[in-house]
Structure formats: structure tokens, C-alpha cells
Amino acid sequence: MKHLIYSVEDDKDIAYIINTTLTKQGYEVKTFYNGKSFFEAFKKEKPEMILLDMMLPDISGSEILKEIRSDEKNNDIDIIIISANTLLVNKIDGLDLGADDYIEKPFNILELMSRINAKFRRRKKTNLLQQGDIVLDVNKHTCFKGKEEIFLTVREFEILTLLMNKAG
């Protein structure tokens, strides 16, 4: 399963480099040049990671970040800010608003790749069980069928965990 990454970047050259590099590394990347198109797609499908420019033509990256982090269901989405704002106060603000990392422009694409790979490596350490479209996160005690969360009692969760561990 490919990891889905949304890249929100209004500079078409930078967006192209990010998209091309990440796609060659096996990631599924969707690029958005403004906040409006990003939110339209975000309502339909949630990515695992967002690469977010802070200075967009229609809405600030800070507003996007606030909106995403205002819903607890989005807490498992990694957000990496990629910005030309190099002041320490800007970095602190971005991280305090809920970003997981901050990279200054101009950036080295190899460093960006390493940071993305590291975030996904840490995700693998979570205990996820999957059978068909049912995904069970043993650490978080959540169950999803497709994109819909299924609420289970403690006993139901234990039974499903046992069954999924003994699949077949």
C-alpha cells in the first residue's frame, strides 16, 4: 500500500521537484497550489502526511494548520512545514500550531526524503492489523472498515484482535 502525501505548494517548480522525487520513491503524491483545492480534496480523502507551504496565494498555511488540527480525527496526519520563513519565531509558531517538523527553503530534497522516510518508519512501529478493508490499531484501540471507524467494546476489540492475529 502506497503512503498518500499531500503537497501544498504554490511554487510550481518546487511542487514538481517534490512530486517527482516522492513518486519515484514509491509514494502517492497529490499536489495542490492553493488552500481551496487542498481543502476540497481533504474533505474527500485524508492523506497520511501533508507537506505545507506557509505562504499560499489564497489562505495562509497557519490557517490550514489550525483547521486540520482543530479536529482530533486528524491527529495521526503528519504535517511538515516547508517554508521560506526562516525566523525562529515562525518555526516556533508552526510547531506550536501542530506541525510535526519544519524545513526551511531552500531545502535539500535528500533531507526532505530522509525526514519523510523517518516519519513513516516510526509509523510502522505501531501495531496495525489488516484483513481486507478492516484495519485494527492495537496501540490506539481503534478499528476502521475502509474509512469508517467502527466502535467496539473492550471485549469485542480483544476478540477481533485475536481473530486477526490468527487469520486464516
Side-chain angles (χ1 to χ4, degrees), residues 1-128 130 133 135 137 139-140 142 144 146-149:
M1 181 174 99
K2 286 185 174 185
H3 295 289
L4 177 60
I5 300 173
Y6 282 2
S7 174
V8 188
E9 173 62 62
D10 65 329
D11 183 316
K12 291 188 183 341
D13 293 331
I14 293 173
Y16 175 78
I17 290 168
I18 290 171
N19 190 309
T20 303
T21 304
L22 295 180
T23 300
K24 284 183 180 179
Q25 292 297 313
Y27 294 107
E28 180 182 352
V29 182
K30 294 185 179 178
T31 302
F32 306 95
Y33 300 107
N34 58 55
K36 183 181 180 215
S37 62
F38 163 77
F39 277 122
E40 287 171 3
F42 191 77
K43 288 176 188 172
K44 296 175 187 168
E45 183 178 25
K46 307 274 173 143
E48 293 175 75
M49 180 179 289
I50 299 169
L51 306 177
L52 180 62
D53 184 7
M54 295 304 277
M55 295 183 286
L56 298 167
D58 59 343
I59 185 172
S60 74
S62 297
E63 291 301 315
I64 292 173
L65 196 49
K66 285 178 195 174
E67 179 69 25
I68 293 168
R69 291 301 188 221
S70 69
D71 186 346
E72 286 184 10
K73 292 177 186 172
N74 299 329
N75 286 349
D76 60 340
I77 299 172
D78 287 311
I79 301 175
I80 299 176
I81 293 173
I82 301 175
S83 180
N85 293 332
T86 60
L87 295 175
L88 181 59
V89 69
N90 293 30
K91 293 177 190 178
I92 292 169
D93 287 345
L95 294 168
D96 285 347
L97 285 173
D100 299 291
D101 203 349
Y102 194 108
I103 298 176
E104 293 178 11
K105 291 179 185 176
F107 61 92
N108 183 299
I109 194 68
L110 296 177
E111 179 184 1
L112 175 63
M113 280 301 314
S114 291
R115 289 177 188 239
I116 291 169
N117 291 337
K119 297 233 181 272
F120 284 122
R121 265 195 316 276
R122 275 194 294 282
R123 277 183 182 231
K124 283 184 183 176
K125 292 180 183 174
T126 62
N127 196 357
L128 292 179
Q130 183 169 359
D133 63 345
V135 178
D137 187 328
N139 296 342
K140 294 181 182 177
T142 57
F144 285 88
K147 294 179 191 258
E148 179 186 353
E149 186 169 5

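Values reported hereafter were calculated over all heavy atoms of this structure, with side chains retained and with hydrogens, waters and symmetry mates removed.
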Apply side chain to side chain contact (heavy atoms under 4.5 Å, CB included) to M113 and L22, showing your working.
CA-CA 7 Å; M113 280 301 314; L22 295 180; 3.0 Å; yes
Before you tell me yes or no, could you show the steps for R69 and L97 under side chain to side chain contact (heavy atoms under 4.5 Å, CB included), namely the whole-Å CA-CA distance, both residues' side-chain angles and the distance that decides it to 0.1 Å?
CA-CA 8 Å; R69 291 301 188 221; L97 285 173; over 6 Å; no
With the side chain counted from C-beta on, respond yes when Y102 and I92 share a heavy-atom pair under 4.5 Å apart, and no when they do not.
no
Are any non-hydrogen side-chain atoms of Q25 and I116 less than 4.5 angstrom apart?
no
Test K30 against E45 for salt bridge (Lys or Arg N to Asp or Glu O under 4.0 Å), laying out the working first.
CA-CA 11 Å; K30 294 185 179 178; E45 183 178 25; 2.8 Å; yes
Checking the side chain of N34 only, and the main-chain atoms of P57 only, is there a donor and an acceptor separated by less than 3.5 Å?
no
Quick one, I81 and L65 - any side-chain contact, counting heavy atoms below 4.5 Å?
yes
Just list the side-chain donor-acceptor pairs under 3.5 Å for residues 14-21, sequence neighbours left out, or say none.
| from | atom 1 | to | atom 2 | distance (Å) |
| --- | --- | --- | --- | --- |
| N19 | OD1 | T23 | OG1 | 3.1 |
| N19 | ND2 | T31 | OG1 | 2.8 |
| T20 | OG1 | Y16 | O | 2.8 |
| T21 | OG1 | I17 | O | 2.8 |

Any side-chain heavy atom of R115 sitting closer than 4.5 Å to one from E111?
yes
In the structure I gave you, are the side-chain heavy atoms of K119 and E48 within less than 4.5 Å of one another anywhere?
no
Shortest non-hydrogen contact between T86 and K105, atoms and distance:
CG2-O, 4.3 Å
Min side-chain heavy-atom separation Y6-I77 under 4.5 Å:
no
Ring centres under 6.0 Å, that's the criterion: do F42 and F32 meet it?
no
Hey, could you give me the CD/CG distance between E149 and D137, rounded to the nearest 0.5 Å?
10.0 Å
Does the D100 side chain pair with the main chain of I79, one donor and one acceptor, at a distance under 3.5 Å?
yes
Check L110 against N108 and note the closest heavy-atom contact, atom names and distance.
N-OD1, 2.7 Å
Please round to the nearest 0.5 Å and tell me the distance separating atom NZ of K91 and atom CG of D96.
14.0 Å
In a check of side-chain contact (heavy atoms from CB on, under 4.5 Å) between D53 and each of I82, D10, V8, which one passes?
D10
Distance in Å, L112 CG paired with I80 CD1, rounded so as to fall on 0.5 Å steps:
6.0 Å
What are the two closest non-hydrogen atoms of I68 and I50, and how far apart are they?
CD1-CD1, 3.5 Å
Between K2 and G26, the two heavy atoms sitting closest are CG-O, 3.3 Å
Non-hydrogen atoms of M49 and L51 that approach each other most closely
SD-CD2, 4.1 Å
Quick one, N117 with Y27, criterion side-chain hydrogen bond (donor to acceptor under 3.5 Å, both in side chains). Give me CA distance, side-chain angles, the key distance, then yes/no.
CA-CA 10 Å; N117 291 337; Y27 294 107; 2.4 Å; yes
Any side-chain heavy-atom pair from S62 and M54 closer than 4.5 angstrom?
yes
Separation between CZ (F107) and OG (S83), nearest 0.5 Å, reads 11.0 Å
Looking only at non-hydrogen atoms, find the nearest pair between Y33 and K12 and report the distance.
CE2-CG, 3.8 Å
Please answer whether the main-chain N or O of G35 pairs with a side-chain N or O of D58 as donor and acceptor at a distance below 3.5 Å.
yes
